[in-house]
There are 2 protein chains.
Amino acid sequence: MAEHPPFAVTVDIALFTIRDGGLCTLVVRRGEAPYRGRWALPGGFVRIDEDLDRAAERELREETGLARGFHLEQLRTYGAPKRDPRMRTVTVAYLALAPGLTSPVAGTDAADAEWRPVAGLLAATPGLAFDHGRILADALERARSKLEYTPLAAAFCPPEFTIGELRRVYETVWGTTLDPRNFHRKASKTPGFLVPTGGTTTRDGGRPAQLYRRGTLEVLNPPLARGVA
Amino acid sequence: MAEHPPFAVTVDIALFTIRDGGLCTLVVRRGEAPYRGRWALPGGFVRIDEDLDRAAERELREETGLARGFHLEQLRTYGAPKRDPRMRTVTVAYLALAPGLTSPVAGTDAADAEWRPVAGLLAATPGLAFDHGRILADALERARSKLEYTPLAAAFCPPEFTIGELRRVYETVWGTTLDPRNFHRKASKTPGFLVPTGGTTTRDGGRPAQLYRRGTLEVLNPPLARGVA
DNA sequence: TCAAAAGTGTTAATTCTACACCCATGT
DNA sequence: ACATGGGTGTAGAATTAACACTTTTGA
């Protein structure tokens with residue numbers, strides 16, 4: 001049993017951000033067959049001497065110009081035999097989150113990259129190229145559930161943010177509305193979740209709000225979904 | 001950019017069960033270099049026309065003789081460039097859970113397969129072959145956290161089980177002790193979690209206990225960790 | 001009759017939810 | 001002065017945690 005059939009290994013990235021109050025994903029328009037003209041998730045081949053995470057970082061940088069400040073984690077791997085009609089590929093999908101003010105596009109490959117609302121991408125027919133619709137749906141589900149029990153929502157915010165901004169992240173991703181007062185209490189009273197920077201801002205209007213940075217807490221227990229309304 | 005370096009793709013399986021009140025993993029002793037004589041997770045190459053999940057199922061069947069009744073889910077993918085000194089491999093790791101009474105071993109490859117306590121495997125030096133120690137640790141963490149918010153603990157039990165048996169699964173995997181009375185209330189009152197079969201058993205000693213099957217519930221909210229002591 | 005595990009009841013402490021209400025700013 | 005979001009207080013409902021107590025079996 002020393003057969004080891006050759007596979008091509010790629011990484012694909014579902015990168016989310018919040019723009020105009022909606023959850024958006026970076027997609028690239030395919031210029032070649034198969035799926036020519038359709039939207040696809042950014043991605044590419046893993047190099048022969050490259051770790052998977054490193055490959056995902058590189059692709060993300062190539063497509064967006066982003067070098068830091070984003071969250072990147074492995075989502076899952078997709079390897080149906082016919083997922084790419086050209087050859088036998090396995091793709092390791094990644095979930096990435098970035099703050100909103102990201103300059104849309106900058107990279108080399110990214111000539112046709114655009115931010116698109118997630119809901120539209122998932123509902124459209126025909127959908128994304130390859131199995132990218134499935135990947136995007138899985139990524140969305142992962143993002144939603146990780147917001148519940150990790151401090152990951154801050155990855156959608158600039159380095160310093162207000163509790164109100166953080167709340168709007170949850171509301172956007174979950175598609176719910178939360179009680180601002182209970183959310184404020186919960187967020188500010190959970191030890192290790194947020195670190196006050198001392199600064200304030202009025203960029204959201206109204207009374208000046210305290211600015212915070214992400215704390216060191218890794219897991220929220222109880223989950224943030226509770227006690228928030 | 002039509003380079004696509006060839007990779008070998010494998011699946012490796014961290015299969016957990018509970019034996020003698022302890023959490024155990026199925027490991028195989030390596031008969032060849034590299035890592036000759038060391039324990040490794042069971043696994044093998046993905047076939048050229050085979051889906052990843054299918055490959056994992058096949059390997060599991062080959063190593064254990066188990067055909068059904070186990071839980072199997074993708075864990076994550078490991079692809080460090082030097083993880084196998086012989087060639088460039090990427091392995092898609094799976095987490096599997098099986099009931100305790102599994103006949104130890106039966107398959108073809110599985111000549112040297114054994115159930116070993118997880119704690120010992122993780123603590124031993126030298127550890128498992130390749131990056132399997134890491135995979136095992138990640139699998140354990142996944143199993144622990146999935147017990148919190150899914151009805152997955154039942155995968156460690158026979159088709160019909162008592163609430164006490166289910167509680168001992170949680171206690172074993174989490175390494176904690178739970179209040180039997182609160183656990184009973186929480187488990188039996190959570191809608192959709194358990195379905196009474198009508199039968200009873202005294203196999204655990206004491207007063208006869210109701211038998212249950214897994215319900216249809218997919219996600220526990222609140223998590224079972226809460227309200228249980 | 002006793003030990004062992006199942007199963008029910010009860011209570012105090014905590015947390016959750018839903019609001020009323022005040023605060024500090026820009027317009 | 002007023003609209004807008006920030007932030008605190010509080011009270012009833014629900015949940016959690018701790019433990020007393022009864023039930024039903026096998027030995």
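Below, read A as the first sequence line, B as the second, and so on, with proteins coming before strands; counting in each chain starts at 1. The analysis underlying the following values was restricted to heavy atoms, covering all of them including side chains, and did not include hydrogens, waters or symmetry mates.
- The distance from atom CG of A:L166 to atom C1' of D:dG7 is 15 Å, rounded to the nearest whole Å.
- Aromatic ring centroids of A:F156 and A:F16 lie 6.0 Å or more apart.
- No donor-acceptor pair under 3.5 Å is formed between the side chain of A:T91 and the backbone N or O of A:A93.
- Side-chain atoms of A:D138 and A:Y78 form a donor-acceptor pair, as typed in the model, at a separation below 3.5 Å.
- The main-chain N or O of A:G37 is found under 3.5 Å from a side-chain atom of A:R29 such that the two form a donor-acceptor pair.
- Between B:N221 atom CG and D:dA14 atom P there is a gap of 17 Å when expressed in whole angstrom units.
- A salt bridge is defined here as a Lys NZ or Arg NE, NH1 or NH2 lying under 4.0 Å from an Asp or Glu carboxylate O, and A:R168 with A:D204 meets this definition.
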In sequence, state the C-alpha distance, the side-chain angles, and the governing distance for A:Y212 and A:F161, and then conclude on ring-ring contact (aromatic ring centres under 6.0 Å, His included). CA-CA 5 Å; A:Y212 295 84; A:F161 51 88; 7.2 Å; no
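- Atom CD in A:E165 sits roughly 11 Å away from atom P in D:dG7 (whole-Å rounding).
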If a protein heavy atom is under 4.0 Å from the base, mark B; if only from the sugar-phosphate, S; if neither, -; do that for nucleotides 22-27 of chain C going 5' to 3'. -BBB--
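- Residue contacts shown for B:P222 are limited to sugar-phosphate atoms, with no base heavy atom under 4.0 Å away.
- Here D:dT15 presents its P atom at 15 Å from CG of B:L220, a figure rounded to the nearest Å.
- A:L97 pairs in a side chain to side chain contact (heavy atoms under 4.5 Å, CB included) with only one of the listed residues (A:L15, A:T17, A:L152, A:L72), which is A:L152.
- For a distance-only test at 3.5 Å, the side chain of B:R181 fails to qualify as a donor-acceptor partner of the base of C:dA5.
- Contacts between residues 182-195 of chain B and DNA chain D, defined by a heavy-atom separation under 4.0 Å, are made by B:N182, B:R185, B:K186.
- Both B:R167 and B:R226 lie near DNA chain C, and the one whose nearest nucleotide falls closer to the 5' end is B:R167.
- Not a single donor-acceptor pair under 3.5 Å links the side chain of A:T172 to the backbone N or O of A:L23.
- B:L178 has its CG atom 13 Å from the P atom of C:dA6, to the nearest Å.
- Whole-Å rounding puts the B:Q210 CD to C:dT8 C1' distance at 14 Å.
- Here A:E148 does not pair with A:R226 in a salt bridge; the nearest charged N to carboxylate O distance is not below 4.0 Å.
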